[in-house]
Amino acid sequence: MKVTFWLLDVNYEVRNNEPEIWLWGIDTSGNRVLIIDRKFTAYFYAVVEEAFDPSKVFEEIEQNKADYPFIVKVEAVERKFFGKPVKALKVYCRNPDVMTRYARAFRKIEGIKECFEDDIRYSMRYLIDNDVIPCAWHEVEAVEEEEKKVEVQVDHVYVAESHPKFMEKTDIPNLRVLGFSTICYSREGSPKPERNPVVMISVATNSGEEKQFLAGEDKGDGPVIEAFIDYVQSFDPDIIVGYGVNRQDWAYLNERCKKLGLRFFVDRAKTEPHTSVYGHVSITGRANVDLFDFADEFSEVKVKTLENLADYLGVMKIEKRILIEDVEFADYWDDKTKRELLKQFSMDSTRCIMGVAEAILDFAMQLSSLVSLPLDHVGTAAVGFRVEWFLIKHAQKIGELVPKRVEQPYRPYVGAIVLSPKPGLHENIAVLDFASMYPNLMIAYNLSPDTYVSPKEPVPPGGFYEAPEVKHRFRKEPPGFYKEVLSHLIGVRDEIRSKMKAYARDSVEYRVLDARQKAVKVITNASYGYAGWIGARWYIKPVAEAATAWGRHTIINAIKMAEEEGLKVVYGDTDSIFIKYEPEKVERLTARICGKLGLEIKPDKVYTRIFFTEAKKRYAGLLPDGKLDIVGLEVIRGDWAAIAKKLQEKVLEIILKEQSPQKAAKFTQQFIYELRQRRVPFRDLIIWKTLTKPVEEYAVKASHVEAAKMLIEKGWKLAIGDKIGYVVVVGTGRLYERVKPYMFASYNEVDIDYYVTNQIVPAAARILESFGITEEQLLTSKVEDKERETRRLTDFFGS
DNA sequence: GCAGCCCTATTACCT
DNA sequence: ACAGGTAATAGGGCTGCG
């Protein structure tokens, strides 16, 4: 029979040296199905010396077959390696788990140069070779198997008679989504599974059900976890979502179960959650998605807590939440009057998870299908690996061998050009942007690992492009691997975007297409970075180096042409130029640039007024709709206290809208006064900085590191990448000797002078010094005390 | 002992 | 654990100073 299914998860099993691919999915009737495919044989490649007759090596392998009992077949094939034709043997192995060992042995055989692709996991090999795509529909000829069904939680188990075939069908089935969050009880700092129970688990489903499992007064968590397991099994979700679960909750629950003698079966095949590739926790037959892994997509959210992300995405405003720190959980649990608040906090966390999942899952699924990484680990894979899997998929199609990852020394190279801005205010400035500059340069000049012509090589027959300055050469013909992939991606994105126009913005179709075009954009934009990444399998430094060289050449020429049109360039960075907006001239210019440089440039936006500091990469512009565009300045930095950011934003607004430095200076003085009265919220004084390495590895003493040490001292468990929030308190000595984690400090010990001189004044002076207002002037207020009393900041901010 | 200078470590931004 | 270019702060070493 024919089974049509949407692929949710994939895993493989090897029993008696016979592998099976397990494809977990949902069929068109909404049945949960498992399709078992036993018909796919793993393989690796052994590249042989050009001079050797492959059949001779072939014979040698045949003769020594006893050494390699799992080899089922060897065939001579033609492949490419970095674009150059190579002879190879394709060695098929019955048991995929022996390939790395075999490949190592093969390298010692006379006539074999190198082995490839033994490092591609069997399940990924299966997906890529058979064009089986995660989060997409397929059709398969299969027979039902009753016997297996008792062991797995699905409606039907099928054995595939042939490999599934991808189907163009873009809808997403009705998936069951379950979200959860946990509360652990600890009076000794961060909870440890060997001693601290999970006193609360809050779950919610996309069918609208909410549940809480609570420990009794003895805090025994056996029943809590059992109830959770039962609930998961009975709801039988396709996707389980959480926040930080890959790092925390799953391992914790696993450990608790071990301690309590419980079997932690929340999957569809009676196995326990286990950590797998790229650090994701795998729940067989379901997709475990940790939304934290997608938080990086939202750079505007500086401190990546669930609450902040939910607030940003409009899921639940942070003001509406009761926020409870992890270390306070025990107090809230023990105090009967506060336990209700803890319950509400926990339930709200799960509600936030469900809301964030709603906002992210479409994108996650589209990214998953685009790069072919299963949904549960596309999030945990770093950007470089997402790009790489996308490339591997294409390499397979064109017969390009996948290079091994080899350790490379870090060798920096020259990047983009940034112009010094003309400081001060400018009116009516247009920003011209080259669209997807690096990808388009790679297409235009055929920059690719397989088109690079090294200095030792002769001139290729079809000619070559030579990058300016660096003089790297690339064959004009045939089109390289990157050119094909990137042209395809850019074409697909345009296609999607034009399709989107047919749908209403709030329709399901629009949302799915939008998620798809975003995924395509992310991969396209990361391609240049991938090319210059020393960890890349296809790393060839000249490819990245030539891209930036062509970029510099392009922008320099664009500037020249702008000046020829009589348009003065006031700023530019990498792929953009800022010029006076004179419509006819701009139109002529863009046409000329496109014609001469072969790259599209178009006006991105026009600022009614723009302000540049002396520094590059820091400016603020006023848009026609009255909105401010603030770039690089303290306002958008996460490591300045909110008071400094809010004040600077207000200063910029006064400058750009009213052009009154005097008013801005007065406002600053007033603000300082209000701050000295401690009339600003305490949380606005917190400074957040990331811990980028273990505290003991820092070469110099730093505020956030000292604060982190205090947290560790009190039992906090900190990880690399965590943001430390601290405030500066009164005292003597170095700054780092006068900081405290914000939760340990009270408002009255805060060193207001520090905030005035090191936060408020620099942030305001950054802008106002351009207008002749000094730091001293900001500090010596001429505002009469009486006026201060009457003119509160509410006059500016509203109340 | 400390102001002043310079360099370095560190973080976070821009494209 | 995708690139290089850039700004900015604070630490820390050093000099010179009654």
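When reading the values below, keep in mind they use all heavy atoms of this one structure, side chains included, and skip hydrogens, waters and symmetry mates. Lettering follows sequence order; numbering is per chain, from 1.
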Describe the nucleic acid contact of A:A544 in one word from base, sugar-phosphate, nothing, applying a heavy-atom distance below 4.0 Å.
-> nothing
Quick one: is A:K302 getting a side-chain N or O under 4.0 Å of the B:dC13 phosphate, OP1 or OP2?
-> yes
Report yes if a side-chain nitrogen or oxygen of A:K616 is closer than 4.0 Å to either non-bridging phosphate oxygen (OP1 or OP2) of C:dT6; otherwise report no.
-> yes
Which part of the nucleic acid, if any, lies within reach of A:I636 when heavy atoms closer than 4.0 Å are counted: base, sugar-phosphate only, or nothing?
-> sugar-phosphate
Looking only at side-chain N and O atoms, does A:T548 come under 4.0 Å of OP1 or OP2 in C:dA3?
-> no
Does a side-chain heavy-atom distance below 4.5 Å link A:I523 with A:L367?
-> yes
Taking the six-membered ring where the residue is Trp, are the ring centres of A:Y619 and A:F612 under 6.0 Å apart?
-> yes
Nucleotide nearest A:Y413 when distance is taken to its side chain, options B:dC14, C:dG4, C:dA1 | C:dG4
Give the rounded distance in Å between these two atoms: OH of A:Y619 and P of B:dC13.
-> 15 Å
Taking CG from A:D575 and P from B:dC14, how many angstroms apart are they, rounded to a whole number?
-> 14 Å
Is the phosphate of B:dT15, meaning OP1 or OP2, less than 4.0 Å from a side-chain N or O of A:S576?
-> no
Heavy atoms under 4.0 Å, any strand shown: does A:Y539 hit a base, just sugar-phosphate, or nothing?
-> nothing
Starting at atom CG of A:D573, determine the distance to atom P of C:dG5, rounded to an integer number of angstrom.
-> 11 Å
Does the side chain of A:Y754 get closer than 4.0 angstrom to OP1 or OP2 of C:dA10 through an N or O atom?
-> yes
Spacing between A:I417 atom CD1 and B:dT15 atom P, to the nearest angstrom = 16 Å
Check the side chains of A:S703 and A:E706 for a donor-acceptor pair under 3.5 angstrom, ignoring hydrogens and angles.
-> no
Considering only side-chain heavy atoms of A:K693, which listed nucleotide, C:dA1, B:dT10, C:dA8, is closest?
-> B:dT10
Proximity of A:W538 and A:F481 rings by center, below 6.0 Å | yes
How do A:A382 and A:V418 order along DNA chain C: which one's closest nucleotide is nearer the 5' end?
-> A:A382
Remember a base hit wins even if backbone is also touched, and classify A:R637 as base, sugar-phosphate or nothing at under 4.0 Å, heavy atoms.
-> base
A:Y571 side-chain N/O to B:dC14 phosphate OP1/OP2 under 4.0 Å | no
Sticking with atom C1', work out how far C:dC2 lies from B:dA9, rounded to a whole angstrom.
-> 24 Å
Indicate whether OP1 or OP2 belonging to B:dT8 is found under 4.0 Å from a side-chain N or O atom of A:Y698.
-> no
How are the rings of A:H377 and A:H280 set relative to one another: parallel (under 30°), tilted (30 to 60°) or perpendicular (over 60°)?
-> parallel
Sugar-phosphate, base or nothing in reach of A:G529, heavy atoms under 4.0 Å | base
Looking for any heavy atom pair under 4.0 Å, which part of the strands does A:V387 touch: base, sugar-phosphate only, or nothing?
-> nothing
Would you mind reading off the distance between A:Y410 atom OH and C:dC2 atom P, rounded to a whole angstrom?
-> 14 Å
Using the C1' atoms of the five pairs at each end, what is the angle between the end axes of the helix from B:dG1-C:dC17 to B:dT15-C:dA3, to 10°?
-> 10°
Any side-chain donor near an acceptor of the partner, A:Q408 and A:Y539, under 3.5 Å | no
Please say whether the positively charged group of A:K693, taken as NZ for Lys or CZ for Arg, lies over the ring of A:Y698, i.e. under 6.0 angstrom from the six-membered ring centre and within 45 degrees of the axis.
-> yes
For B:dT11, does OP1 or OP2 lie under 4.0 Å from any side-chain N or O of A:H704?
-> yes
To the nearest Å, how far apart are A:E545 CD and C:dG4 P?
-> 10 Å
Testing C:dA10, C:dT9, B:dT15 for proximity to the side chain of A:N758, the answer is C:dA10
Determine, for A:E117 against A:R125, whether the closest basic-nitrogen to carboxylate-oxygen distance falls under 4.0 angstrom.
-> yes
Quick one: label A:A702 by what it contacts on the DNA or RNA (base, sugar-phosphate, nothing), any heavy atom closer than 4.0 Å.
-> nothing
